[in-house]
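One structure below.
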Amino acid sequence: MSLESSKAEKSEVVGAQSVQDGGQANVDLSETKWTTTRWELWSYYLYYIGNNGLSGFNFGPSQFQNLLFLAGYDPSQPPFTAPCGDNGCVLPYLGRVRDINSIVLMTNGISFAIQAVLLLLIGAWADYGTSRPNITIFFTILAVAVSFAWLGVDDPGQWRAGVALYILGLIAYQCSLTFWTAAFPGLARDLPDVKASLIEVKNGDKNIEDHTRLTSLSRNRISNISFAICSAGEIVVLAIMVGILKGVKSDESTENNTKAFSILIAFAGAVWLVCALPWFFLEKRRPGLKLPPGTTLLTIGFKQTYAALRECLRLKQTFLYLVFYFLMGDVLNTTVTVIGTLQNSVVAYSTLQLTLLLIVGIVAQGLGIYVFWLVQKRYKISTKAMLSFNVFWIIILTIWGLIGVHTDKFGFKHVWEIWLYQAFYGLMVCPWYAYSQTMISEVSPLPQMFLFFALFSVVGKTSAFIGPFVSSAIITAANNNDNMPFAFLFGLGVFSTIFLFLVDVDKSRAECEAFVRAEQERKAFEASAHFASAYTGDVDVTMDSPRA
């Protein structure tokens, strides 16, 4: 079996060349066809420079909160008679008068709730046929359109329109990010060195444990380098933005500052489109699963999500990580949102200040992620160990915010703290986004990777809208003390680490193999040879039993 297989695979390149030269070759070219090339890999990295979050995740939310602040009024005075000041800032929203920070958190929660429903509907589509690239393309174009739409919303009286753009921007950003991210396990599986390693295993020249470590490190390499390259590109984008701000004289008046926000969002959208185009054309449309009889794309998402949830008790390690990801994702998403609202207030919504802060944060992020990866590569540290180290620093972040509940000396209440936060967040916290995603791939079956990424994204979004709602209620109950949510976030963060500690990655791989076999026996899908195994992608090399 392995000898003939390896001979066929070794002859692929020769066979491909024969066909290109007009000769005849009776070999299967499919494996060569799907090999990850340097150009495809770099187009994957380039896409992330565009999908960096500046439009939907950074300046969009800042402009939204800026409009709320300018449209709001001092709660100690009759409604709309005095502008916002030291006594607070409120607006009527969803049936009652609310603090604008509470409004931001609540709108954030609404956006995440809509994302969860969308991902449940379309999350499994990407595993079937070759449609996933179309999903990424659609949400990317939507995100770019929303970015340009902000050019027409730059007056405080338009804050309700800002609600719609804020929600749409977050949805488009997150959905495009989810389906783009989920492509990297397939890219890693088809890297030339990983494929060569698989041949060695099938020939008996290499053991499965060594191949597994190589695959895991390859996934980490793609994930971490994509984040590092994104950071480098984002620095260039932000530097250009500083020039734009100088050109529009954003610091000369409130009106100029507000218009500058919208201009930056539109510029970020244009950069995203330019960076996305190579990935749209160079990504290989790798074969997916075949739809089971009697199933359509309108129903497969819910059916497969139900199947995944049904099997969660058998996928015990996946379930444990699911719980951890739910809780810690809630902690981090809400922490960043709460700090963001405090940051915007401290720097008085200055576009120039926020842009300079982002430059510091992105430089630190690129450095932090790349250093984490170099250490992992040098000492061959597991994904779980790197993630555990990263989580410790996330909890430290909540402790700093918690200090500010009863004092004005610390707790993200001063400009110097905001600068320090950006550096700390980039160096020690941002690696979470790379390692948490890689860890998802470590506990998910390869044939249904997109379904599980969508499922984890739904879990992340569910936690992300629960956290802001809870934090909003805490702020209101604490007489608008914006630091009080950190008490809840610290406790939840510490509790969540228990579930990460319990995850056994080796057992997870064996459980995923059993899951894939069970689904095939149920005729839930028909896998192509390209994704026959839960981890290696090869029917002859599987993770059938747990390894120590």
Side-chain angles (χ1 to χ4, degrees), residues 47-48 50-71 91 93-94 100 102-123 125 134-181 258-276 280 301 333-334 336-337 340-341 344 454 457-458 460-462 464-469 472:
Y47 179 92
Y48 202 24
N51 187 11
N52 51 39
L54 286 177
S55 58
F57 194 72
N58 294 114
F59 288 115
S62 295
Q63 173 70 314
F64 175 51
Q65 191 177 349
N66 176 53
L67 293 175
L68 293 178
F69 180 81
L70 295 175
L91 275 172
Y93 186 71
L94 297 181
I100 62 168
S102 178
I103 292 173
V104 172
L105 292 171
M106 185 164 288
T107 308
N108 219 34
I110 293 171
S111 173
F112 287 140
I114 296 172
Q115 290 173 43
V117 174
L118 271 177
L119 287 167
L120 281 176
L121 176 63
I122 66 175
W125 291 6
N134 297 335
I135 299 172
T136 306
I137 290 170
F138 170 79
F139 282 112
T140 301
I141 292 174
L142 176 61
V144 172
V146 169
S147 298
F148 283 113
W150 273 107
L151 288 172
V153 180
D154 56 8
D155 184 88
Q158 299 173 304
W159 70 269
R160 290 179 180 83
V163 172
L165 293 181
Y166 175 63
I167 291 174
L168 277 175
L170 282 178
I171 291 171
Y173 163 71
Q174 189 60 54
C175 288
S176 59
L177 182 63
T178 296
F179 289 105
W180 168 82
T181 303
T258 302
K259 289 182 182 296
F261 266 125
S262 294
I263 292 171
L264 293 187
I265 295 168
F267 175 70
V271 170
W272 188 351
L273 180 61
V274 170
C275 292
F280 290 170
N333 286 329
T334 309
V336 170
T337 302
T341 59
N344 289 335
S457 187
V458 168
K461 295 315 111 188
T462 303
F465 82 75
I466 290 175
F469 278 134
S472 175

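- A pairwise comparison of heavy atoms in Val146 and Leu165 identifies CG1-O, 3.6 Å as the closest pair.
- The distance from the OG atom of Ser111 to the CD1 atom of Ile171 is 4.5 Å, given to the nearest 0.5 Å.
- Distance check: Met106 CE to Ile100 CD1 gives 14.5 Å after rounding to the nearest 0.5 Å.
- With rounding to the nearest 0.5 angstrom, the CH2 atom of Trp272 is 5.5 Å from the OG1 atom of Thr140.
- For Val153 against Ala161, the heavy-atom pair with the smallest separation is CG2-CB, 4.1 Å.
- Looking only at side-chain heavy atoms (C-beta outward), Leu54 and Leu264 stay at 4.5 Å or farther from each other.
- For the pair Ser176 (side chain) and Phe139 (backbone), a donor-acceptor distance under 3.5 Å is absent.
- Closest approach of Gly152 to Gln158, counting heavy atoms only: O-NE2, 3.0 Å.
- Put simply, the side chain of Pro61 does not reach to within 4.5 Å of the side chain of Gln65, judged on heavy atoms.
- For the residue pair Ser147 and Ile265, the shortest heavy atom distance occurs at CB-O, 3.5 Å.
- Residues Ile263 and Phe59 fail the side-chain proximity criterion, which asks for heavy atoms closer than 4.5 Å.
- Here the shortest heavy-atom pairing between Trp159 and Ala71 reads CD1-CB, 3.6 Å.
- Atoms CZ and CG, from Phe280 and Asn134 in turn, are 10.0 Å apart once rounded to the nearest 0.5 Å.
- Minimum heavy-atom separation, Gly269 to Val144: O-CG2, 3.5 Å.
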Please assess Tyr173 against Ser55 for the test side-chain contact (heavy atoms from CB on, under 4.5 Å), listing each intermediate value before the final yes or no.
-> CA-CA 9 Å; Tyr173 163 71; Ser55 58; over 6 Å; no
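- Although no hydrogens or angles enter the test, the distance criterion places no donor-acceptor pair under 3.5 Å between the side chain of Thr258 and the main chain of Asp154.
- Donor-acceptor pairing under 3.5 Å is recorded for the side chains of Tyr93 and Thr107.
- The aromatic rings of Phe64 and Tyr166 sit parallel, their planes meeting at an angle under 30°, below the 60° perpendicular limit.
- Atom-to-atom distance recorded for Thr178:OG1 and Ile135:CD1 is 11.0 Å, nearest 0.5 angstrom.
- Here the CZ atom belonging to Phe69 is positioned 11.0 Å from the CG atom belonging to Leu91, to the nearest 0.5 angstrom.
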Stepwise side-chain contact (heavy atoms from CB on, under 4.5 Å) test for Thr136 and Asn51 | CA-CA 11 Å; Thr136 306; Asn51 187 11; over 6 Å; no
